[in-house]
Amino acid sequence: MQSKELVIFNTLSKKKEVFKPINFPNVGMYVCGPTVYGSAHLGHARPAITFDLLFRLLKHLDYKVRYVRNITDVGHLENDADEGEDKIAKKARLEQLEPMEIVQYYTEEYHDAMRMLNVQSPSIEPRASAHIMEQMDIVDEIIKNGFAYETNGSVYFDVEKYNEKYKTYGKLSGRILDDLLSNTRKLDGQDEKKNSFDFALWKKASPEHIMRWKSKWSDGFPGWHLECTAMSTKYLGETFDIHGGGMDLLFPHHECEIAQSTATIGKEAVKYWVHNNMITINGQKMGKSLGNFITLTELFTGTHKILERAYSPMTIRFFILQAQYRSTLDFSNEALQAADKGLQRLMTAISTLPKLKTSDATSFNLDELEKKCYDAILDDLNSPILISQLFEAVRIINSIEAGKDTISKSDLERFEKLISTFVYDILGLQNEASSSSSNEAYAKAIDLLLTIRMEAKANKDFATSDKIRNELTQMGFEIKDKKDGFDWTLKS
RNA sequence: GGUCUCUUGGCCGAGUGGCUAGGCACCGGUCUGCAAAACCGUCUACUCCAGUUCGAAUCUGGAAGAGACCUCCA
């Protein structure tokens with residue numbers, strides 16, 4: 001399978017590059033996970049699904065992947081002027097809870113949402129709070145290497161000094177140090193730092209700050225960007241293949257990560273930086289701080305004022321996959337409903353696939369379809385093109401069912417395998433209709449009603465047959481008459 | 001203010017120097033007792049201006065509009 005070449009856009013080079021792992025066939029991938037101080041929202045779903053897609057694809061290509069996605073449970077600083085109050089501590093005070101209680105609650109909520117979205121668990125999901133020692137070690141190392149200084153119990157990264165040696169600060173986000181200097185100096189209220197763009201590696205905790213750890217510098221907490229460096233190094237090694245996250249983390253977060261790890265090990269840790277774009281709502285970024293976000297629970301239940309109805313997790317997943325991960329994706333009820341309809345059509349066709357009648361020959365080009373599917377997904381995860389090819393498959397399936405195209409027995413097996421690989425394994429879609437035993441009984445009851453309807457039709461008793469169909473339709477069923485029977489689905 | 005990105009049909013969203021994206025919606029037809037589904041077909045595009053080119057929605061320059069980052073953020 002590794003004859004197939006994956007091309008991925010590297011933010012570092014701003015080009016598409018052929019993916020070649022450092023230690024073939026192993027792949028190390030680190031993705032910035034959620035800060036668990038609030039509910040998971042639509043924005044969180046995007047990187048989770050994007051990198052789930054990449055994770056699934058790499059595994060399909062037979063790479064041995066270790067996927068690390070952290071849980072940030074040590075709050076990052078709220079802002080510079082806020083005297084070190086961190087997000088989780090603040091929320092805890094508001095709700096009169098222990099910080100770890102908040103963390104527990106939102107972590108579970110996040111996990112539940114991810115499970116519903118059929119996002120596979122990463123190989124390792126480390127917590128920042130469990131890696132304080134490792135973070136302190138890195139601070140030590142950076143001080144030893146001369147790229148950090150201590151002021152009043154806090155330790156700061158010396159960006160200027162770092163840049164003198166490595167000259168790479170800003171390379172990821174396209175920033176120039178002098179510009180940053182002239183930009184941010186006017187906002188500078190921080191006398192502890194040599195330069196405004198220096199960032200904290202260790203921060204002394206103010207008295208009201210309840211999340212704190214003892215260290216040689218002070219009772220405090222690790223800096224904003226340190227946990228990813230510590231945990232990626234610990235689980236993936238000094239250098240690893242892929243580091244992912246949202247585009248909004250590019251600066252300063254990922255830029256600082258590069259500086260930290262380079263200052264620690266003397267070389268760059270990450271080979272491919274991959275960033276997903278944002279989800280917008282009415283053309284504006286959806287975000288916690290903007291207060292215009294929709295939580296995943298609200299989406300699944302339809303309980304947000306701008307939602308016309310509930311949208312199932314698979315609809316959300318499909319909606320996100322219908323855009324390429326580097327494009328912004330605009331949310332609207334209309335767009336989600338279109339995604340929902342399209343997904344249902346896709347799933348309906350897939351369920352008829354195994355029931356197709358086979359012929360001696362196949363009247364369409366299955367090889368070409370397969371090639372187009374691979375070409376699409378291997379070209380920087382172009383899921384929308386892949387999906388358009390899957391709709392071509394839908395057209396073919398329906399056409400075979402209608403007797404206008406034919407398929408041989410062996411090709412049908414291949415076709416089923418192909419669809420299952422791309423739809424279930426790689427895109428991670430799933431059929432939401434479950435088939436528990438209680439569902440089976442109810443399905444039989446519907447079948448019974450429709451059998452009675454067939455009999456009524458045969459007797460030209462259209463009053464009865466229409467009554468059954470109309471009432472079932474009203475309950476949300478979709479009744480399809482076939483040449484020799486019927487079919488039905490329950491619309492979500 | 002600095003850096004960068006985007007602008008595609010009713011909506012979402014791909015793509016490309018010349019050849020259909022796709023989905024949803026709409027319209028017409030086939031099928032049906034009537035529908036639904038399915039199938040077939042049609043229609044609506046590439047923000048504007050100038051340039052390069054045999055040819056540009058695709059390249060270059062300019063304008064307008066929108067957005068992102070520069071502060072925690074997926």
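Just so you know, these numbers use all the heavy atoms, side chains as well, and skip hydrogens, waters and symmetry mates. Each chain gets a letter, A, B and so on, in the order the sequences are listed, and its residues count up from 1. This is a predicted model, so every value here is computed, not measured.
Between Glu308(A) atom CD and rA25(B) atom P the separation is 14 Å, expressed in whole Å. In this structure, Phe197(A) places its CZ atom 15 Å from C1' of rG2(B), rounding to the nearest Å. Whole-Å rounding puts the Gln324(A) CD to rG22(B) C1' distance at 15 Å. Straight-line distance from the CD atom of Gln284(A) to the P atom of rG65(B): 18 Å, rounded to whole Å. Whole-Å rounding puts the Leu386(A) CG to rA14(B) C1' distance at 12 Å. Distance CD1 (Ile320(A)) to P (rA14(B)): 13 Å, rounded to an integer number of Å. Remark: P of rC34(B) and CG of Asp461(A) are 17 Å apart, rounded to the nearest angstrom. Between the CZ atom of Arg453(A) and the C1' atom of rA37(B) there is a distance of 12 Å, rounded to whole Å.
Salt bridge annotation for Arg56(A)-Asp52(A): present, with a cationic side-chain nitrogen under 4.0 angstrom from a carboxylate oxygen.
Within the nucleic acid shown, Thr328(A) comes within 4.0 Å of sugar-phosphate atoms alone, with no base atom in reach, counting heavy atoms only. Across all strands shown, His275(A) has no heavy atoms under 4.0 Å from either base or sugar-phosphate atoms. Residue-level contact check: Thr280(A) touches neither bases nor backbone, having no heavy atom under 4.0 Å from any strand.
When the side-chain nitrogen and oxygen atoms of Lys341(A) are compared with OP1 and OP2 of rA25(B), one or more of them lie within a distance under 4.0 Å.
The aromatic ring centres of His254(A) and His275(A) sit less than 6.0 Å apart. Within the 6.0 Å centre-distance limit, the rings of Tyr162(A) and Phe157(A) are counted as a close aromatic pair. Proximity of the aromatic rings of His209(A) and Phe221(A) is defined here by a centroid distance below 6.0 angstrom, and this criterion is met.
As rounded to the nearest Å, rC31(B) and rG17(B) have C1' atoms that lie 44 Å from one another. Across rU42(B) and rG33(B), the matching P atoms stand 28 Å from one another, rounded to whole Å. Using atom P as the reference point in both rU8(B) and rU58(B), the two lie 13 Å apart (nearest Å).
For Lys285(A) against rC73(B), a side-chain N or O and a base N or O form a donor-acceptor pair under 3.5 Å. Below the 3.5 angstrom threshold, one finds no donor paired with an acceptor across the side chain of Asn277(A) and the base of rA68(B). At a cut-off of 3.5 angstrom, counting only N and O atoms as typed in the model, there is no donor on one side facing an acceptor on the other between the side-chain of Arg469(A) and the base of rA36(B). For Asn382(A) against rG15(B), no side-chain N or O and base N or O form a donor-acceptor pair under 3.5 Å. In this model, no side-chain donor or acceptor of Arg395(A) finds a partner on the base of rC40(B) within 3.5 Å.
Of all the residues in residues 241-251 of chain A, Gly245(A), Gly246(A), Asp248(A), Leu249(A), Phe251(A) reach under 4.0 Å from RNA chain B with at least one non-hydrogen atom.
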Review item, nucleotides 9-12 of chain B N/O atoms under 3.5 Å of protein N/O:
| from | atom 1 | to | atom 2 | distance (Å) |
| --- | --- | --- | --- | --- |
| rC11(B) | O2' | Glu334(A) | OE1 | 3.4 |

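Each of Pro384(A) and Arg345(A) lies near RNA chain B, and the nucleotide nearest Pro384(A) is the one positioned closer to the 5' end.
Residue Tyr325(A) forms a side chain to side chain donor-acceptor pair (under 3.5 Å) with just one option from Thr50(A), Asp380(A), Asn277(A), and that option is Asp380(A).
Using a 5.5 Å limit on the distance between ring centres and a 30° limit on the angle between planes, the aromatic ring of Phe462(A) counts as stacked on the six-membered base ring of rG33(B).
Between Asn276(A) atom CG and Thr328(A) atom OG1 the span is 11.5 Å, to the nearest 0.5 Å.
Annotated stems with RNA chain B as a participant read B:1-7 with B:64-70, B:10-12 with B:22-24, B:27-30 with B:38-41, B:47-51 with B:59-63, given as range with range, by first number; only runs of 3 or more Watson-Crick or G-U pairs under 3.5 Å qualify.
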